[in-house]
Every structure is written in structure tokens, then in C-alpha cells.
Amino acid sequence: MRLTRRGADSSARNRLPLEVTVLLFAAHRELVGAPETVVSLPDRATVRTLLVELRGRGGSWTHLPLQGAVAVNRKYGDGETVLADGDEVALIPPVAGG
Amino acid sequence: MRLTRRGADSSARNRLPLEVTVLLFAAHRELVGAPETVVSLPDRATVRTLLVELRGRGGSWTHLPLQGAVAVNRKYGDGETVLADGDEVALIPPVAGG
Amino acid sequence: MSWSDVTSDPIEPAVVLERVGTPEDGAVALFLGIVRNSNDGRPVSGMEYEGYGDMAREQLAAIVREAAGRANSDRVAVVHRLGELEVGEVSVAIAVSSPHRAEAFDAARYVIEEIKTRLPIWKRERYLDGEAEWLEGHLPVTRKGAQ
Amino acid sequence: MSWSDVTSDPIEPAVVLERVGTPEDGAVALFLGIVRNSNDGRPVSGMEYEGYGDMAREQLAAIVREAAGRANSDRVAVVHRLGELEVGEVSVAIAVSSPHRAEAFDAARYVIEEIKTRLPIWKRERYLDGEAEWLEGHLPVTRKGAQ
């Protein structure tokens, strides 16, 4: 389910070169009301660029944490991780397996 | 199987007041060739008295350890433990359960 | 021979146990996590496990490899459940066999501790009073690129 | 609910496991001791366990009581086998359940360590070359009257 498509993103007036899929889980998923969203980003965008972009959507998105854990293509990353077109970025709330 | 009976014990010329059953296990049992023996002892005999008595039988009995672990009536004791008539005394080789 | 999975199917401890054990092993350790009926005194009716399945499977496989290295054994089997669980149901099963007991205990313990700090799984506790809450979790290890 | 036995009957791990676990328990730890196929590189064909049965049963019950105290749980089940065992057979099974995992692991570990230092049981290893040897054991705890 892609809730935001390239071009539908208000910040993407110019066609941006990167499109990443963002996955949301548990409390994050409930916060924004969606398990997944697609975001367009400029070249050399990092995870931090992405988080700022998501919070810029306003509403409940502003409550997403800037400092939380993230995974890029199913491996833990951090704010400095540089994104590539097609990346799958998951925002990881504090984990509670077991 | 009682291999030594009161009166058959060479040290029991006078009728001794205590008779205890000694249990032998594993390497001890094989050493003396018997799982059990009965020993007559004087009043206020201790485990140490008993061990000295057993070693006094000569032959392979002299190889029984004086310092090993013992149990009296299924509880660990030591050389100073005083014996009573009818006690069950087990010589406990180093244990290896598990 | 090591094995791991993240699944919505009920966990059968005996099946996990059967995945370990070779003639050279003298010790088997099994750990089961179970949904319990209360938390801090509050009556619990069940637990919902949500997971980032693909990543959880990769992470769990990595944890199992690490545990196998610690136990000097490739006999480590782990499965974590997802979905709605009732009280008494098994949420995670960890089996390790190795020549000696210390390594088997250590590896099983390692797996459950790492699961709790790294596996992208979340749980919502359901209470008898009808409420439900996402449980406080651990900020996961975020070594860049860590598996 | 705690339970222990010393027996010549084969051990069924699943049966021991079923003796523990209540709705308040979030953790189960199971430990199995197994006869393995070699010792210090020497091929083993089997193991004979000899025990002072009555005392071993009393000692094992005492160990279980102590473990239950440590785990703050009365769900501790232990059985130790006697007699002739083949490679791969279970010599001892220890199951503990408790609300939290640390106590379950700790109590299971406690039981196996105490068994090895206190339980009046001896084992003779049989080798493929036809020889057999009583294994070196531990001088047991000899606190006077200790159970």
C-alpha cells in the first residue's frame, strides 16, 4: 500500500531522483495511521533528511522521533546513512521481542 | 547380603553393643568385592572408628580411604560423626552424577 | 544444522528440541518464552506480536550464528512467534546442544538476550479490562550495517 | 508442584517439561544431560550409572527445594537416570518455570551443578575398545547432616 506517490508529495515540486519506501511498525504505525509510505528525496539524502521530510508532513507525522533506530534494507543504520533510490527504510520503535 | 556377621568379626571377641551396616559403591564396591557388610563396634564409635575397623580386615580393605566422604543414614557425615546401633553407613566415592 | 524462523504458526517445543543434538553432544539447553497472565500485577488476557518479518528473520539468523560461535556448536535452533497469542502460548523457543553444559546454557541465554535487544519485534499486551498497550522496549543496537 | 526422582526408567523430556509451567510463568528452562560418543577423544559406547538410590532421591529433593527457593517458584522438576545407557540417551532432565527468565536459567544451572557435586551417583564409561572406567568424580559436600 503506497499512500504517498512521487509528485503527490508537496515538497517534490521538482522531480526528485530518489524514491524510498518507508515502513512503520507498532506505535509508529498507529501514530501515522499507515504501515508504509513512499518518499521522494534529493540526491545524497540521508536517513536524517528523510526523517525531517516525514515530520514536515505535519499532523501526527511531527511526532515521529528524530533520534530513533532505523533500518535501511533490513540492516540497522543511523541518521548519517546515505540513501539510494529504491531503498526500504524502516523506522524501528524500541524493540520488545521474546 | 550380609557378608560379615556379629561374632564372625575377629575383633568382636566380646559382644560389641553397636552393629552398623556399611554400603559400598562403584570403585569401593569393586575394590572389596561386596556391596554391603555389617560391622560391630564399641559404644561411642565414630565413622573414623568404623573406617579403621574396616581397614583392619586386611587385604583389599586396607585400600579404602580414611579421608573420603561418608553418609550416615543417608546424610553426609564426617570422621567425627558418632554412630548408633542400626545405622546405615555409606562410603561415598567422589560423585559423578549428571 | 542451525536453524531459525519467525512465524505465525504455533510453536512446538518438542520439534525445536529435535532439531538439535548429535552423538558428540552431552548437553541440551532449551528456553521457552511464554505469555503470562499478569504484568506488574495487572491481569493479562493475551499478547499481540508484530514484527518486521523479513528483517527479523535475517537478524535472528545472525544471532543464531553468533550463538553457535560462542557454543562452538552448529546445533542452535530458534523460532519466534508473531500474531495474537493467548496466555500460556509459547512466544519463543531456543534449543542449543553442545558437548558441554556451560556452552549450551550460555548460548541459549545469549540468544534470548539478543532477541530482546535487537530483533525488530514489538508486543502489545491485552488486559482483562479490555485495554491494550504497546510494551516499553529497548532501543536496538544500531551499529551501522550490523546484522 | 516441584518433583524429583532417581529411576532406571528411560527419561522422557516432554513429560518432565509438562510438570512445570503455570499461567503466571513467562519463562521455562530445560536442561538435558546426554551420554555422548567420546570423552577426551576416546570413543565411548555407553555409560553405566550406579547410585545410592535412597540417598540420591533425598539429596535430589533437597537440591530441588533449594533451586525452587532461588527461582522463587515451586515449578522445578528433575529426574536422574540409573543403569546402563547408550550414547544419545538422556541421563538427567531438569525443567524450571518461573515468571522471569533469569531465575529459570539460574535455577536449572544450580540443579545440574549441585547434582554433579552432591548426588551419590557414579558413572562407568564404556569404550568402543571394550574397556570401562569409573570416571573421576567430585569430593561431595560433607557438611555434617547436610541434605
Side-chain angles (χ1 to χ4, degrees), chain B residues 1-3 20-39 44-52 54 60-61 63-84 86-98, chain D residues 4 6 31-36 39 47-63 78-82 85 90-94 108-109 111-125 132-147:
Chain B
M1 184 168 49
R2 301 202 156 186
L3 298 178
V20 302
T21 301
V22 177
L23 305 181
L24 298 139
F25 295 98
H28 290 169
R29 177 178 51 72
E30 293 188 334
L31 174 69
V32 303
E36 188 177 323
T37 186
V38 172
V39 181
R44 307 200 55 73
T46 61
V47 164
R48 187 164 178 93
T49 319
L50 168 66
L51 292 171
V52 170
L54 286 173
S60 59
W61 293 90
H63 299 298
L64 283 178
L66 270 179
Q67 305 297 340
V70 292
V72 177
N73 299 327
R74 301 181 301 282
K75 289 185 174 39
Y76 283 114
D78 60 27
E80 310 309 312
T81 305
V82 176
L83 300 174
D87 276 353
E88 177 178 284
V89 182
L91 307 194
I92 308 281
V95 301
Chain D
S4 61
V6 175
F31 175 80
L32 304 176
I34 315 269
V35 177
R36 59 203 175 96
N39 190 0
M47 190 85 84
E48 176 192 347
Y49 285 82
E50 174 171 339
Y52 180 8
D54 288 344
M55 180 178 173
R57 267 179 281 274
E58 289 179 18
Q59 281 280 322
L60 193 55
I63 291 168
V78 184
V79 57
H80 198 298
R81 178 93 183 269
L82 294 181
L85 277 72
V90 177
S91 58
V92 59
I94 300 163
R109 187 72 192 263
V111 171
I112 185 63
E113 299 303 332
E114 291 297 305
I115 281 176
K116 286 182 179 277
T117 51
R118 289 162 60 182
L119 210 60
I121 287 183
W122 304 275
K123 53 193 174 198
R124 176 157 40 191
E125 210 161 49
E133 270 175 28
W134 291 104
L135 291 191
E136 280 287 319
H138 299 81
L139 192 67
V141 177
T142 55
R143 287 167 295 163
K144 219 169 184 170
Q147 281 232 5

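In what follows, chains are A, B, ... by sequence order, proteins preceding strands, each numbered from 1.
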Only one of B:V39, B:L91, B:L64 passes side chain to side chain contact (heavy atoms under 4.5 Å, CB included) with B:L51, and that residue is B:L91
Cut-off 4.5 Å, heavy atoms of chain B, and the answer for D:E136 is backbone
Chain D shares the most heavy-atom pairs under 4.5 Å, among B:A90, B:A71, B:A27, with B:A27
Distance-only, no hydrogens or angles: does the D:E48 side chain make a donor-acceptor pair with backbone N or O of D:R124 under 3.5 Å?
-> no
Turns out that what part of D:I112 lies under 4.5 Å from chain B's heavy atoms comes down to side chain
In short, side-chain hydrogen bond (donor to acceptor under 3.5 Å, both in side chains) pairs touching residues 89-98 of chain B with sequence neighbours left out are none
So, the part of B:L23 with a heavy atom under 4.5 Å from chain D: the answer is side chain
Would you say D:K123's side chain and D:G137's backbone share a donor-acceptor pair under 3.5 angstrom? no
When the 4.5 angstrom heavy-atom criterion is applied to D:H80 and chain B, the contacting part is side chain
Notebook entry, point to check: Does the B:S60 side chain pair with the main chain of B:L31, one donor and one acceptor, at a distance under 3.5 Å?
Noted result: yes
When the 4.5 angstrom heavy-atom criterion is applied to D:Y52 and chain B, the contacting part is both
